[in-house]
Amino acid sequence: MPKRARPVELWAAEHPVYVGAGSLAALGARLKQEPEGVRVFVLGDENTLRLCLPELLGQLDGLRNSSTIEVPSGEQSKSLETCRAVWEHLLTAEADRSAVLLNLGGGVVTDLGGFIAGAYKRGIRCLHVPTTLMGMCDAAIGGKSGIDLGGVKNAIGSFEPPMGVYVHVPFLRTLGKRELLNGVAEMIKHGLALDADHWNDVRTAPLHDMDALAGLILRSITLKAEVVTKDMHENGDRKKLNFGHTIGHALEAHSWESGQRTLLHGEAVALGMIAESWLSWKRGLLDRASMELISEHILPLYKPYPLMASDHHRIVALMRNDKKNREGGIRITLLKSIGEAVVDVEVTSTQLSEAIEHYRHLVAHNALHNRP
Ligand SMILES: NC(=O)c1ccc[n+]([C@@H]2O[C@H](COP(=O)([O-])OP(=O)(O)OC[C@H]3O[C@@H](n4cnc5c(N)ncnc54)[C@H](O)[C@@H]3O)[C@@H](O)[C@H]2O)c1
Ligand SMILES: [Zn+2]
């Protein structure tokens with residue numbers, strides 16, 4: 001872990017990301033730059049306001065006169081109803097255009113808060129303080145904000161880079177194992193899509209060790225920042241970061257509507273990466289040994305999501321609604337090798353269905369062999 005805060009240069013100095021021991025001090029210094037009278041609203045959920053806000057208030061004088069806005073924890077809060085409630089809160093509190101929204105939480109809070117800030121009075125400024133591994137290594141980075149609508153993930157959203165992102169790794173101390181693994185999925189994705197060394201590091205790291213985790217977070221942020229700096233609006237290379245997400249988002253949405261156990265975003269992406277690695281191999285892009293290595297590593301990390309053959313049709317239909325599709329065809333990010341993704345590979349519904357079938361078989365096969 002770096003001794004001092006290390007700003008990662010993302011879109012130059014205007015939108016810095018701080019990772020490391022001095023990141024809260026950097027946030028304090030940033031708040032001190034605000035003129036007298038600027039009001040800060042801290043947006044969080046019941047967990048982050050209870051577990052993380054006290055440390056923030058204890059360290060930062062600049063937050064002494066801030067007010068807090070609480071939203072319920074969980075993906076359901078990425079909704080128009082929650083936006084409305086927060087906008088009304090800001091109006092009632094007479095927040096003007098100079099106000100700052102400080103988003104303290106996981107990906108739900110930063111996705112939601114970014115969107116709320118971007119639209120309130122045609123845009124107020126926001127800061128992100130991510131508190132989950134998912135938030136630190138991915139969701140708070142890159143300026144994408146959004147909410148869900150009609151069961152479609154991130155159906156409404158915008159690109160809203162925050163003024164700064166402040167990553168205080170010790171917040172992860174209170175995070176449960178399931179939530180940690182949820183974030184690990186995105187770090188695996190960064191490795192598989194962009195950097196084979198990172199994949200190896202994530203694969204072999206002791207994830208309970210905060211110092212090891214801090215190093216991996218910094219690397220993931222750097223990888224994502226490099227891509228986003230070149231392609232903010234996702235016309236080219238940024239699509240590499242969607243690896244695992246076409247099938248992953250559909251499985252995530254399926255888990256909400258099917259009454260099955262609800263998948264967390266990272267869990268769904270992990271399963272999506274298994275299926276999409278298989279598709280990469282099937283399409284002659286990825287070698288078989290790499291495909292198997294990916295699958296053998298990811299499969300035991302996450303609880304299996306049992307599917308029935310009759311689910312495939314609906315899951316493929318959900319993919320067609322994915323906002324990443326253009327002109328009718330389904331285009332997807334696949335792997336050419338570990339560490340190198342290819343974007344915009346046109347695939348058919350049948351191929352996607354086969355990839356899901358492959359995952360279904362893996363789960364069924366494993367269940368058979370692991371039976372006591
Ligand atoms: N914008 C992007 O680029 C991007 C990238 C990846 C994911 N996302 C989005 O991020 C969301 C998922 O984010 P998430 O996994 O962080 O979920 P989350 O924000 O719901 O947090 C998960 C849970 O952990 C709790 N929590 C947060 N911090 C905690 C802490 N320090 N200690 C204990 N509990 C804590 C929360 O209250 C919540 O119950 C999804 O909606 C996904 O679409 C966005
Ligand atoms: Zn994701």
Side-chain angles (χ1 to χ4, degrees), residues 10 43-56 70-79 82 103-115 118 128-148 152-162 165 167-190 192-193 210 220-221 224-225 227-228 232 234 238-249 251-253 256 262-273 322-324 333:
L10 178 60
L43 180 75
D45 64 32
E46 73 277 11
N47 297 320
T48 65
L49 294 183
R50 178 171 56 89
L51 296 166
C52 309
L53 185 60
E55 185 165 352
L56 215 56
E70 183 176 322
V71 295
S73 64
E75 182 77 25
Q76 301 89 314
S77 276
K78 278 177 60 172
S79 68
T82 315
N103 301 310
L104 176 69
V108 164
V109 170
T110 52
D111 272 18
L112 173 75
F115 181 66
H128 289 342
V129 181
T131 61
T132 61
L133 182 56
M134 167 69 75
M136 292 181 188
C137 73
D138 201 332
I141 313 297
K144 270 191 191 176
S145 72
I147 57 169
D148 310 326
V152 179
K153 281 277 297 179
N154 305 326
I156 313 289
S158 55
F159 291 93
E160 299 292 345
V165 181
V167 179
H168 180 59
V169 179
F171 280 148
L172 298 181
R173 280 189 303 241
T174 50
L175 205 64
K177 188 171 172 216
R178 186 176 176 201
E179 293 294 346
L180 266 184
L181 283 172
N182 183 44
V184 167
E186 299 282 10
M187 298 206 292
I188 290 176
K189 177 198 75 180
H190 293 137
L192 289 177
M210 284 294 149
S220 261
I221 292 176
K224 181 163 182 184
V227 169
V228 173
M232 171 72 173
E234 202 170 298
R238 188 167 184 171
K239 293 182 195 167
K240 289 183 178 174
L241 298 172
N242 295 333
F243 175 62
H245 280 63
T246 301
I247 295 180
H249 272 163
L251 287 171
E252 189 179 0
W256 301 340
T262 303
L263 289 170
L264 299 178
H265 175 72
E267 292 171 338
V269 169
L271 313 188
M273 288 192 288
D322 196 309
K323 65 206 167 308
K324 291 185 273 292
T333 299

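In listed order, ligands and their atoms are each counted from 1. Everything numeric in this text was worked out from a predicted model, so none of it was measured.
To the nearest 0.5 angstrom, E46 atom CD is 9.5 Å from L51 atom CG. Going from atom CG of L112 over to atom OG of S79 covers 7.5 Å, rounded to the nearest 0.5 Å. Atom CZ of F171 and atom CG of L133 lie 14.5 Å apart (nearest 0.5 Å). T132 contributes atom OG1, which lies 11.5 Å from atom CG of N47 (distance to the nearest 0.5 angstrom). The CG atom of D138 lies 10.5 Å from the CE atom of M187; values are rounded to the nearest 0.5 Å.
Less than 4.0 angstrom separates some heavy atom of G106 from each of these atoms of ligand 1: 16 (O), 19 (O). Within ligand 1, the atoms closer than 4.0 Å to a non-hydrogen atom of E186 are 6 (C), numbered from 1 in the order shown. For ligand 1, the atoms closer than 4.0 angstrom to any heavy atom of T131 are 27 (C), 28 (N), 29 (C), 30 (C), 31 (N). Close approach of ligand 1 to H265 (heavy-atom distance below 4.0 Å) involves ligand atoms 7 (C), 42 (C), 43 (O). Heavy-atom proximity to C52, at under 4.0 Å, picks out these atoms of ligand 1: 31 (N). Of all atoms in ligand 1, numbered sequentially from 1 with element shown, those under 4.0 Å from a heavy atom of T48 are 27 (C), 28 (N). Per-residue contacts place M134 under 4.0 angstrom from the following atoms of ligand 1 (heavy atoms of the residue considered): 6 (C), 7 (C), 12 (C), 13 (O), 14 (P), 15 (O), 16 (O).
L181 pairs in a side-chain contact (heavy atoms from CB on, under 4.5 Å) with only one of the listed residues (E179, K177, R178), which is K177.
Atom 34 (N) of ligand 1 has its closest protein heavy atom at L175 CD1, 3.7 Å. Atom 10 (O) of ligand 1 has its closest protein heavy atom at G107 CA, 3.3 Å. Considering only non-hydrogen protein atoms, atom 21 (O) of ligand 1 sits nearest to T132 CG2, 3.6 Å. Summary of contacts: the protein heavy atom closest to atom 43 (O) of ligand 1 is K153 NZ, 2.7 Å. At the top of the distance list for atom 40 (C) of ligand 1, counting protein heavy atoms only, stands E75 OE1, 3.3 Å. Closest to atom 4 (C) of ligand 1, if we only count protein heavy atoms, is A139 CA, 3.4 Å. With respect to atom 30 (C) of ligand 1, the closest heavy atom belonging to the protein is T174 OG1, 3.5 Å. The nearest heavy-atom contact from the protein to atom 22 (C) of ligand 1 is E179 OE1, 3.4 Å.
The closest approach between a heavy atom of L264 and any atom of ligand 1 is not below 4.0 Å. Residue contact annotation: H249 has no non-hydrogen atom under 4.0 Å from ligand 1.
Of the possible polar contacts, none joining the K189 side chain to the G244 backbone as a donor-acceptor pair under 3.5 Å is found. Under a 3.5 Å cut-off, the side chain of T48 and the backbone N or O of G105 do not form any donor-acceptor pair. At distances below 3.5 Å, at least one donor-acceptor pair connects side-chain atoms of H245 with backbone N or O atoms of F243. In this structure a side-chain-to-backbone donor-acceptor pair under 3.5 Å is present from R238 to M232.
The distance criterion of under 3.5 Å between nitrogen or oxygen atoms is not met by L51 with respect to ligand 1. On a distance-only criterion, K144 and ligand 1 share at least one N/O pair closer than 3.5 Å. At least one N/O-N/O distance between F171 and ligand 1 falls below 3.5 Å. Inclusion of N182 in the set of residues having an N or O under 3.5 Å from an N or O of ligand 1 is warranted.
Comment: E186 does not engage K224 in a salt bridge, judged by the lack of any side-chain N to carboxylate O separation of less than 4.0 angstrom.
Across N103 and G114, no two heavy atoms sit closer than the pair ND2-N, 3.8 Å. Across every non-hydrogen atom of G183 and C137, the tightest pair is O-SG, 3.7 Å. The heavy-atom pair separating D148 from N154 by the smallest distance is OD1-N, 2.8 Å.
Within the set E267, H245, K224, the minimum heavy-atom distance to atom 3 (O) of ligand 1 is found for K224. Of the candidates V269, V108, D111, the one placing a heavy atom closest to atom 9 (C) of ligand 1 is D111.
Counting heavy atoms from C-beta on, the side chains of V165 and I221 never come closer than 4.5 Å.
Under 4.0 angstrom from ligand 1, the non-hydrogen atoms of D45 all belong to its side chain.
Here the N, O or S atom of E186 that is nearest to the Zn ion (ligand 2) is OE2.
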